[in-house]
Amino acid sequence: MSELVDHRLRGAWTPEGSDAAHLPAKAMRWLTERIGNPGAPAPVVPASGLSVPESSLAAAARAALSEVVGSAHVQTERAERLGRSGGLSYLDLLHRRHPGELPVPDAVVLPADPDEVQRVLDVCVRFDVAVVPFGGGTSVVGGVRAVRGDKAAVIVLDLVRLDRLVSVDPVSRIAVLQAGVRGPQAEELLAEHGFTLGHIPQSHERATIGGFAATRSAGQASSGYGRFEDMVTGVRLATPSGQWRLGVAPASAAGPDLRQLAVGSEGALGVLTEVGVRVRPVPEVRRYEGFVLDGWETASALVRRLAQAGALADVTRLSDEDETEVSLSLSGGWKTALVKRYLKARGITAPCLLILGWEAQSTREIALRRGETVRMVRAAGGRSLGRTAGESWRKGRFNGPRQRDALLDLGVCVETLETAAHWSSLDELRDAVRSALRKAFDSSVVMCHISHAYETGASLYFTLLAARSDEDPEGQWQRAKNAACEAIAGLGTISHHHAVGMDHAPYLGTEIGEIGLSVLAAAKSAVDPTGIMNPGKLLPR
C-alpha cells in the first residue's frame with residue numbers, strides 16, 4: 001500500500017510512523033482555558049469498519065481502461081479506492097473518525113504519460129464514466145471528492161506516474177513539468193539545472209504541479225516569486241474533446257488569454273498533463289526575521305504601505321493578536337516567557353507578529369531590498385525579534401497539518417478558510433468573518449493572518465479552534481463555514497487560493513454573476529459536452 005493511501009486511511013496528514021507535531025502539555029492547558037474541554041477523542045475507524053460498495057465500473061469499461069494503462073494500473077481494491085475518496089479538509093478527515101457516507105470511486109486509474117491520459121478520457125466518454133483528476137489530493141474544499149454525478153460510475157485519475165521534468169530552456173528560463181510532479185520533487189529536478197520554482201505553499205510536501213495550476217495556488221513567498229498563475233507560461237490539457245495546448249509567447253494580444261481559463265479550471269474542463277513554468281536561479285542567500293507591532297490596525301496599515309511602496313519582502317506574513325498568542329502558547333518555541341516580558345517592557349500590549357523573508361543571489365542584494373523595508377517597520381513602531389524568530393517560522397512552516405492531526409486526536413475542531421479584499425474593506429471583512437465564526441460556537445479561538453499582500457489589497461487566512469461536538473461534528477463545522485461564506489459574499493472573494501471545489505460553488509454566482517456562470521458553463525460544454533469531468537466542482541450546477 002502506498003504512503004499516500006496509508007495516511008488517508010488513517011484520517012491524517014502524516015503517514016503511519018511519522019512524527020506528528022508535538023503539543024506540549026502546557027499548550028493543551030492553555031487551549032482548554034480558551035475553548036473549554038474538547039470533545040471526546042474520536043479514533044480513526046479502521047478501513048475494515050468503513051462501508052465501501054462494490055465497484056460499479058462495467059467490465060467492458062474496465063477492460064478498455066486496462067488496454068490503455070495496463071491491468072495493474074486499473075485498481076479496484078478496497079484500500080486503493082478508499083485512499084482516493086476525498087481530500088484533506090476537516091470534513092474529509094472527520095469521515096475517518098465519525099464515519100458516514102463516503103463518496104468512494106469505482107476504480108483508480110494510473111496513466112503513465114499525457115497520451116495515456118487522453119486515451120483514458122476517450123474511454124470514459126465512450127462508456128459515460130465520470131473522471132476525477134487527482135494529484136496530491138490536498139484539496140480542502142471538496143475539489144477531489146469522488147462524485148459521480150449522473151454517471152453510472154466514477155474513476156479517480158491519479159497522475160502520480162506523470163512525474164518527469166520534460167524540458168528546461170535556460171535562456172528563456174522556462175521549464176516544462178508533468179502534472180504529477182510534487183513540490184519537493186520539482187525543486188530537486190530544477191535544482192539540477194540551477195533553477196527554482198520558488199512556489200512553496202503549506203501543502204508543498206504533497207501537492208503537485210498540476211494541482212497548483214488547477215487551483216490558482218499561492219505560495220508563501222508569492223510577494224517575491226508571484227502566485228502560481230503568474231509563473232505559468234503554457235499548458236497541455238487532455239479534454240474529452242481532444243488535446244489542447246496553450247502558450248506560445250511571454251505576452252499576447254491574440255484575444256483573451258485562454259491559459260488563464262485552463263489555470264484554475266479545477267479539473268472541470270480537462271486534465272492538465274504538462275505545465276510550462278517560469279523559473280529563477282536558486283537563491284544563494286536567504287534571510288528570515290521576525291518583528292512585532294502593537295495592534296492589528298497599525299500592523300496591517302504597515303503592510304499596506306510596504307506593498308504600495310514596492311517594499312514587500314518575498315515572504316510577508318502578518319499574524320493578528322490571537323494568532324500571535326497561539327503561536328507563543330502552542331508552539332513551545334522562542335522561549336515564550338522571555339518574549340512576553342520583552343514585549344511588555346517595550347509597551348506592546350497587543351502584539352502582532354510580522355515575518356519577513358528575503359531570498360536573493362547575494363547579501364548585498366538582500367541588504368539593498370531589506371533596508372527600506374526595515375526602516376518602514378521601525379517607523380511604525382515595530383520591534384525586532386531577530387533572525388531566530390524568522391528561522392523558527394521557516395523551519396516550522398509545514399507544521400500546521402501535523403498539529404491539526406494532533407488536535408483532531410484530542411477532540412478539537414480545527415479548520416481554516418481564506419479570502420481576500422481591497423485594503424479599504426479588509427478590516428470590515430476580517431471583523432465579519434471573525435464574528436460569524438465566533439457566533440457559531442459557544443467558545444472558540446479565531447486566528448487570522450495576512451498571507452499575501454498586493455498594492456490594492458491582501459488576503460486573510462483564518463484558523464478556528466473549538467471544542468468538537470460529540471453529537472454532530474460535521475454539522476457543527478458546516479454551519480460555521482456557511483456563516484463565514486455568507487459573511488464573505490459581497491465583501492471579498494470566496495477563495496484567494498484554496499479554489500472553489502464543491503464547498504464554495506454555491507457562492508460563485510455572487511462573485512462572477514449569472515453571465516460569468518454562463519461563460520464557464522459554455523466553456524465546459526465546448527470541451528466536455530457529456531459532462532464527465534469532475535462533476536459537482538467549480539460550477540454550482
Side-chain angles (χ1 to χ4, degrees), residues 69 110-121 133-136 138 157-201 203-219 221-222 224-239 241-252 254 256-267 269-283 527 533:
V69 300
L110 299 94
D113 57 47
D115 290 332
E116 284 194 2
V117 174
Q118 183 62 57
R119 291 166 61 200
V120 167
L121 295 193
F134 195 98
T138 60
L157 188 64
D158 192 329
L159 302 174
V160 66
R161 298 173 68 203
L162 274 71
D163 60 357
R164 292 179 51 234
L165 171 62
V166 178
S167 64
V168 175
D169 175 352
V171 176
S172 305
R173 291 187 178 177
I174 293 173
V176 176
L177 291 149
Q178 289 186 335
V181 177
R182 294 196 188 184
Q185 183 186 9
E187 291 300 324
E188 291 173 6
L189 292 170
L190 293 171
E192 293 177 4
H193 299 269
F195 291 112
T196 180
L197 188 55
H199 186 71
I200 314 290
S203 61
H204 172 74
E205 295 169 303
R206 297 192 184 282
T208 61
I209 294 296
F212 294 152
T215 60
R216 300 178 74 88
S217 175
S222 65
Y225 291 94
R227 291 167 55 91
F228 198 76
E229 68 262 29
D230 302 325
M231 304 175 183
V232 175
T233 62
V235 293
R236 177 180 179 182
L237 291 91
T239 82
S241 296
Q243 295 270 1
W244 193 14
R245 294 177 183 266
L246 294 163
V248 298
S252 171
D257 186 354
L258 294 181
R259 285 177 302 181
Q260 294 303 326
L261 181 62
V263 174
S265 58
E266 301 187 33
L269 303 182
V271 183
L272 288 159
T273 57
E274 293 179 355
V275 182
V277 288
R278 177 258 294 146
V279 294
R280 291 179 176 169
V282 174
V527 296
M533 294 307 308

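Judged as a side-chain hydrogen bond (donor to acceptor under 3.5 Å, both in side chains), and not counting sequence neighbours, Asp230 has no contacts. By the salt bridge (Lys or Arg N to Asp or Glu O under 4.0 Å) test, Arg216 pairs with Glu229, sequence neighbours left out. Applying the ring-ring contact (aromatic ring centres under 6.0 Å, His included) criterion to Tyr225, with sequence neighbours excluded, gives no partner residue. For the side-chain contact (heavy atoms from CB on, under 4.5 Å) test, residues two or more places apart in sequence or in another chain that qualify with Ser172 are Asp169, Ile174. Scanning for salt bridge (Lys or Arg N to Asp or Glu O under 4.0 Å) contacts around Arg119 gives an empty result, with sequence neighbours left out. Considering only residues two or more places apart in sequence or on other chains, Glu266 meets the salt bridge (Lys or Arg N to Asp or Glu O under 4.0 Å) condition with none of them. Residues satisfying the side-chain hydrogen bond (donor to acceptor under 3.5 Å, both in side chains) test with Glu274, not counting sequence neighbours, are Arg236. Thr273 pairs by the side-chain hydrogen bond (donor to acceptor under 3.5 Å, both in side chains) definition with nothing, not counting sequence neighbours. Remark: Asp113 engages no residue in a salt bridge (Lys or Arg N to Asp or Glu O under 4.0 Å) (not counting sequence neighbours). For the side-chain hydrogen bond (donor to acceptor under 3.5 Å, both in side chains) test, no residue two or more places apart in sequence or in another chain qualifies with Ser203.
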Quick one: side chains of residues 159-168, donor-acceptor pairs under 3.5 Å with protein atoms, not counting sequence neighbours, listed by atom name and distance.
unit_1: Arg161; atom_1: NH1; unit_2: His73; atom_2: NE2; d: 3.4
unit_1: Arg161; atom_1: NH1; unit_2: Leu110; atom_2: O; d: 2.7

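Side-chain atoms of Gln118 and Pro111, non-hydrogen and from C-beta on, never get closer than 4.5 Å to each other. Looking at Ile209 and Leu197, their side chains come closer than 4.5 Å, going by heavy atoms from C-beta outward.
Not a single donor-acceptor pair under 3.5 Å links the side chain of Arg278 to the backbone N or O of Thr233. A donor-acceptor pair under 3.5 Å is absent between the side-chain atoms of Ser222 and the main chain of Arg227, judged by distance alone.
Between Phe212 and Phe228, the angle of the ring planes lies from 30° to 60°, which puts this pair in the tilted group.
Pairs of residues two or more places apart, or lying in two chains, that qualify as side chain to side chain donor-acceptor pair (under 3.5 Å) and include a residue from residues 183-194 are Glu187-Thr196.
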